[in-house]
Amino acid sequence: MTLSTPRLDFVGVFDANYSHTFSFSYSTEQITRNRLIIKKNSNNEVVYDQEQIGMRLEHTINPNVLQNNMDYIVQLQVFDGYGN
């Protein structure tokens, strides 16, 4: 089974010295975990790739994972209780 694609909410400028929560919407099956992947826009280097368990439609990263004044590409994946 393939789940529908989650939609990441608009991400404005934020201070990377503090934790940041990425919120998203998703409307098909109930999710049990999500995975956030963040790459540097300049060279596609993966700087963050973590899963968070839970049904909340958000993913929080710790302070200082990213750098201020940098551009990033963000990808989000969701999984249901069957691992789809």
Side-chain angles (χ1 to χ4, degrees):
M1 174 180 174
T2 302
L3 303 178
S4 62
T5 303
R7 183 176 177 160
L8 191 64
D9 294 344
F10 175 77
V11 180
V13 176
F14 62 91
D15 189 343
N17 295 313
Y18 300 94
S19 64
H20 181 75
T21 300
F22 293 85
S23 56
F24 60 94
S25 58
Y26 180 74
S27 61
T28 307
E29 298 293 321
Q30 186 173 33
I31 65 169
T32 57
R33 62 188 165 104
N34 67 70
R35 177 183 179 199
L36 190 70
I37 302 166
I38 304 175
K39 301 176 184 179
K40 285 184 183 178
N41 190 42
S42 60
N43 61 4
N44 275 343
E45 175 190 352
V46 175
V47 295
Y48 184 85
D49 184 352
Q50 296 289 320
E51 290 187 4
Q52 290 185 0
I53 297 173
M55 295 179 275
R56 298 182 76 176
L57 301 179
E58 59 186 32
H59 188 109
T60 302
I61 61 172
N62 291 328
N64 303 310
V65 170
L66 305 177
Q67 297 176 357
N68 289 323
N69 301 314
M70 296 276 297
D71 292 324
Y72 294 96
I73 300 166
V74 180
Q75 177 187 359
L76 180 77
Q77 300 170 341
V78 296
F79 302 88
D80 65 11
Y82 301 104
N84 297 313

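- The aromatic ring centroids of F22 and H20 lie less than 6.0 Å from each other.
- Using a distance-only test at 3.5 Å, with no hydrogens or angles considered, a donor-acceptor pair links the side chain of Q52 to the main chain of T60.
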Give the C-alpha distance, both sets of side-chain angles, the deciding distance and a yes or no for side chain to side chain contact (heavy atoms under 4.5 Å, CB included) between I53 and T32.
CA-CA 6 Å; I53 297 173; T32 57; 5.9 Å; no
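- For CD of E45, the number of neighbouring non-hydrogen atoms (other residues, nucleotides, ligands) closer than 6.0 Å is greater than 12.
- Considering CD1 of I73 and NZ of K40, their distance stands at 12.5 Å, rounded to 0.5 Å.
- Residue R35 holds its CZ atom at 7.0 Å from CD of Q75, rounded to the nearest 0.5 Å.
- Under the 4.5 Å side-chain contact rule for hydrophobic residues, V74 and V46 do not share a cluster.
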Would V11 and Y72 count as a side chain to side chain contact (heavy atoms under 4.5 Å, CB included) if you check the C-alpha gap in whole Å, the side-chain angles of each, and the deciding distance to 0.1 Å?
CA-CA 11 Å; V11 180; Y72 294 96; over 6 Å; no
Side chain to side chain contact (heavy atoms under 4.5 Å, CB included) for Y82 and E29? Distances and angles first, verdict last.
CA-CA 11 Å; Y82 301 104; E29 298 293 321; over 6 Å; no
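- Between P63 and N17, the closest heavy-atom pair is CB-O, 3.3 Å.
- A donor-acceptor pair under 3.5 Å links the side-chain atoms of N34 to the main chain of E58, judged by distance alone.
- With rounding to the nearest 0.5 angstrom, the CG atom of N69 is 9.5 Å from the CD atom of Q67.
- Nearest approach of A16 to L66, heavy atoms of both residues: CB-O, 3.3 Å.
- Note that CD of Q50 and CZ of R33 are 12.5 Å apart. Values are rounded to the nearest 0.5 Å.
- For the pair L57 and S25, the tightest heavy-atom approach, listed with the atom from each and the gap, is CD1-CA, 4.5 Å.
- A distance of 13.0 Å separates CD1 in I31 from CG in N84, rounded to the nearest 0.5 Å.
- The minimum heavy-atom distance between P6 and F24, with the atom names listed, is CB-CD1, 4.1 Å.
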Please lay out, stage by stage, how L36 and L76 fare under the test side chain to side chain contact (heavy atoms under 4.5 Å, CB included).
CA-CA 5 Å; L36 190 70; L76 180 77; 3.8 Å; yes
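- In terms of hydrophobic clustering, with Ile, Leu, Val, Met, Phe, Trp and Tyr side chains grouped at heavy-atom distances under 4.5 Å, F14 and V47 are assigned to a common cluster.
- For the ring-ring contact (aromatic ring centres under 6.0 Å, His included) condition, the pairs that include at least one residue of residues 29-51, sequence neighbours left out, are Y48-H59.
- Around the CE atom of M55, the shell of radius 6.0 Å holds no more than 12 heavy atoms that belong to other residues, nucleotides or ligands.
- The environment of CG in N43 is crowded: more than 12 heavy-atom neighbours from other residues, nucleotides or ligands sit within 6.0 Å.
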